[in-house]
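Everything numeric here is computed off the predicted structure, so don't read it as measured data.
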Amino acid sequence: MDTSAPQTGALEPQLIKVNFTTTSPDLQLPEGKTQLLVPSDIKRYGLSRVLNSESMLNTPSPIPFDFLINGAFLRTSLEDYLKANGLSAESTVTLQYVRSLIPPVYQAGFEHDDWVSDIDVLSESSRAGIWSADKFSTGQDRILSASYDGLLRIWNNAGNVIATSPSGSLGGHSATIKSAKFLSTSIIASAGLDRTVRIWKYTEADDHFSGTLKPSLELYGHKTCIESLDVHGPTGRILSASSDGSIGLWTTSKTSAPAAPSSLLPGTTTTSKKRKLVPSTAPQRGPLSLLQPHTSPASAAIFSPTDPTVAYSASQDHTIRTLDLTTSKTENVITTSHPLLSLAWLKRGLLAAGTSARHITLADPRADAATTSVMTLRGHRNMVGALSASPDNEYSLVSGSHDGTCRIWDLRSVRAGTRAEGGGSVSEAVYVIERESQKGQKSKSDVPGRGAKVFGVAWDKSWGIVSAGEDKMVQVNAGRDLLAAD
């Protein structure tokens, strides 16, 4: 038998029948109370009050709820939702209710001497932790940061630097490092403005309070700055994306790697002769292959998580390309409307690409996909240079932007794009993470994010959301239980 929510006022809004469901066993409604007539103008807050009422869940203290219809969050009144979807007010609407969860609160910050260009994490649940298997010691979680001062740093969860890479005069990078990744608990790859990919051997003391980073391999092949790296630990392979438009494939094995191109080695160019040359402390090798798929700077290249012989690359030439690393051929091209600056794989098989136009494009890389552009994520106020998928589900990701924020997206929260937005499906951020270093400071610029650009972000089950940027900080925010489970 249906019951009705109390109504007041001379002109009462139309009533709509709703059916409440939930996947939470402790929040199940009593039998016979799952259907209800509610005012058509009711929104999330009103629905939440109804559910908490004595005649429904009768909660001892109010629980804030969110509501999903067909997998998308209700962000308007029921009446507006029905109109937007061409449904009659006579329809019965099924509302799935879930707890509204806590925001990604600030937890810690690690200060650097210069801008922080990239970060990666090592934990039991991170890629490198999983690849390392029993070589990873529980509790030895680490953060790897790459800086504009040309140094790598490894941090523990107390915020202490355990190891720092040697400077250029001692065999390290001779310029800004743009990207760095863990391949395992003991192997790290880095690359940057000096056009080299460098492999490092990382070891820690028995007490785990100190460690060393020793150069083990120098890889030459790119002719200009390397913008980003991706790695595949099980095969010891590395992908690089360069501003010369090329994509490099490398190996950490000294015996498997080809000889380095002699013309690119230190001391063989006019430019390098003007600098004081430092004898190499590590073997020098070349790429397994060097692809030239792009006509403008390549900004990112990533391995397919399902097949390490396949890669995806993004470029300022507006394209995402599927690359066969075995044949060195381009298998598929997706052309977008703007220069692309970052790329991430989502568990549902989609690619997320950050653009210079302040939004994120979701694309389907399958060659037989009916529609390549799936959704647009809007809300950033400056270019989007970093992306990381949620470690917990297939419908969320975090982005880092030059507007000085990280934003968390729930792909179940969708609306129709306006004519000005070009139509299609649009999602807006569910949370915005600001730089803690900028709170309380008045902006001295009309450019969003100046002085606080976010250059790198990683989302990990153990660490949470870790971001780095122009404020010389690595910032850690909570990353668990931010979004409602299906």
Can you list the steps and then say if Leu387 with Ser399 is a side chain to side chain contact (heavy atoms under 4.5 Å, CB included)?
CA-CA 4 Å; Leu387 296 166; Ser399 57; 3.6 Å; yes
With Arg153, the salt bridge (Lys or Arg N to Asp or Glu O under 4.0 Å) member among Asp113, Asp118, Asp114
Asp113
Among all residues two or more places apart in sequence or in another chain, which pass the salt bridge (Lys or Arg N to Asp or Glu O under 4.0 Å) test with Lys135?
none
Starting at CD1 of Ile408, measure out to CG of Leu377 and round the result to the nearest 0.5 Å.
13.0 Å
Name the residue from Arg99, Lys43, Arg75 that meets the salt bridge (Lys or Arg N to Asp or Glu O under 4.0 Å) definition with Asp66.
Arg75
Spacing of Phe182 atom CZ and Tyr202 atom OH [to the nearest 0.5 Å]:
7.0 Å
Does any part of the side chain of Gln438, heavy atoms only, come nearer than 4.5 Å to the side chain of Asp471, both counted from C-beta?
yes
Between Leu397 and Leu411, is a side chain to side chain contact (heavy atoms under 4.5 Å, CB included) present by the stated rule, with each step listed?
CA-CA 8 Å; Leu397 69 155; Leu411 305 185; 4.0 Å; yes
May I ask you to test the His294-Ser313 pair for a side-chain heavy-atom distance under 4.5 Å?
yes
To the nearest 0.5 angstrom, please state how far the CG atom of Leu351 sits from the CG atom of Leu362.
9.0 Å
What pair of heavy atoms forms the shortest contact from Trp155 to Ser145, and how long is it?
NE1-OG, 3.0 Å
Test item: Val476 and Ile143 side chains (from C-beta on) under 4.5 Å apart, heavy atoms
yes
Once you round to the nearest 0.5 Å, how far does CG of Leu323 lie from CD of Glu331?
8.5 Å
I want to check something: taking the side chain as every heavy atom from C-beta on, are Leu341 and Val384 in contact at a cut-off of under 4.5 Å?
no
Any side-chain donor paired with an acceptor under 3.5 Å for Asn382 and Ser401?
no
By the definition side-chain hydrogen bond (donor to acceptor under 3.5 Å, both in side chains), identify the one residue from Asp120, Asp460, Asp230 that meets it with Arg127.
Asp230
Give me the ring orientation class for Phe303 and His232: parallel if the planes are under 30° apart, tilted from 30 to 60°, perpendicular past 60°.
tilted
Backbone N or O of His318 within a donor-acceptor pair of the Thr335 side chain at under 3.5 Å?
no
Within a radius of less than 6.0 Å around CD of Glu434, do more than 12 heavy atoms belonging to other residues, nucleotides or ligands occur?
no
What are the two closest non-hydrogen atoms of Ile16 and Ser91, and how far apart are they?
CG2-O, 4.0 Å
Ignoring hydrogens and geometry, is there a side-chain-to-backbone donor-acceptor pair from Gln14 to Ala89 under 3.5 Å?
no
Output the distance between atom CD1 (Ile360) and atom CZ (Arg378), rounded to the nearest 0.5 Å.
11.0 Å
Other residues, nucleotides and ligands only: do more than 12 of their heavy atoms fall within 6.0 Å of CD on Glu124?
no
Would you check if Met56 and Leu29 make a side-chain contact, meaning some heavy-atom pair closer than 4.5 Å?
yes
Test item: Thr34 and Thr21 side chains (from C-beta on) under 4.5 Å apart, heavy atoms:
no
Residues Thr59 and Asn52: side-chain donor-acceptor under 3.5 angstrom:
yes
Looking at every non-hydrogen atom in both residues, tell me the closest pair between Pro365 and Leu350 and how far apart they are.
CD-CA, 4.3 Å
So, Asp149 and Lys472, do they make that salt bridge, N to O below 4.0 Å?
no
Strictly by modelled atom types, are Thr405 and Arg407 linked by a side-chain donor-acceptor pair under 3.5 Å?
yes
Relative to the ring of Trp345, is the ring of Tyr312 parallel (under 30°), tilted (30 to 60°) or perpendicular (over 60°)?
parallel
Arg237 (side chain) donor-acceptor with Pro308 (main chain) under 3.5 angstrom:
no
Ignoring hydrogens and angles, tell me if any N or O in the side chain of Trp463 forms a donor-acceptor pair with the backbone of Ser123 under 3.5 Å.
no
Compare all side-chain heavy atoms of Leu57 with those of Ile63 and state whether any distance is below 4.5 angstrom.
no
Would a 4.5 Å heavy-atom cut-off, applied to side chains only, mark Arg321 and Ile247 as touching?
no
Parallel under 30°, tilted from 30 to 60°, perpendicular over 60°: which one fits the rings of Phe20 and Tyr97?
perpendicular
Do the charged groups of Glu204 and Arg142 touch, with an N to O distance under 4.0 Å?
yes
For Ser467, give me all partners under side chain to side chain donor-acceptor pair (under 3.5 Å), at least two apart in sequence or on another chain.
Arg435
Do the side chain of Ser315 and the main chain of Thr319 share a donor and acceptor less than 3.5 angstrom apart?
no
State whether the side chain of Lys347 and the backbone N or O of Pro391 hold a donor-acceptor pair below 3.5 Å, judged by distance alone.
yes
Quick one: does Ser228's side chain have a donor or acceptor within less than 3.5 Å of a partner on Ser299's backbone?
yes
Please lay out, stage by stage, how Arg44 and Leu74 fare under the test side chain to side chain contact (heavy atoms under 4.5 Å, CB included).
CA-CA 7 Å; Arg44 185 196 69 81; Leu74 178 66; 5.6 Å; no
Ignoring hydrogens, what is the shortest heavy-atom contact between Lys461 and Ser125? Give both atom names and the distance.
CB-OG, 3.3 Å
So, the side chain of Ser117 versus the backbone of Tyr148: is there a donor-acceptor pair under 3.5 Å, distance only?
no
Would you find a donor on one side and an acceptor on the other, under 3.5 Å apart, between the side chain of Asp317 and the backbone of Thr295?
yes
Modelled atom types, side-chain donor and acceptor of Ser77 and Asp80, under 3.5 Å:
yes
Measure across Ser132 and Ser184 and return the closest heavy-atom pair with its distance rounded to 0.1 Å.
OG-CA, 3.3 Å
Taking atom OG1 of Thr309 and atom CG of Asp324, what is their separation to the nearest 0.5 Å?
6.0 Å
Leu27 vs Leu51, side chain to side chain contact (heavy atoms under 4.5 Å, CB included): CA-CA, chis, key distance, verdict
CA-CA 10 Å; Leu27 294 176; Leu51 266 182; over 6 Å; no
Donor-acceptor pair, distance only, cut-off 3.5 Å: does the side chain of Thr185 make one with the backbone of Phe136?
no
Please report the shortest heavy-atom distance between Ala180 and Leu144, naming the atom on each side.
CB-CD2, 3.7 Å
CD of Glu111: more than 12 outside heavy atoms within 6.0 angstrom?
no
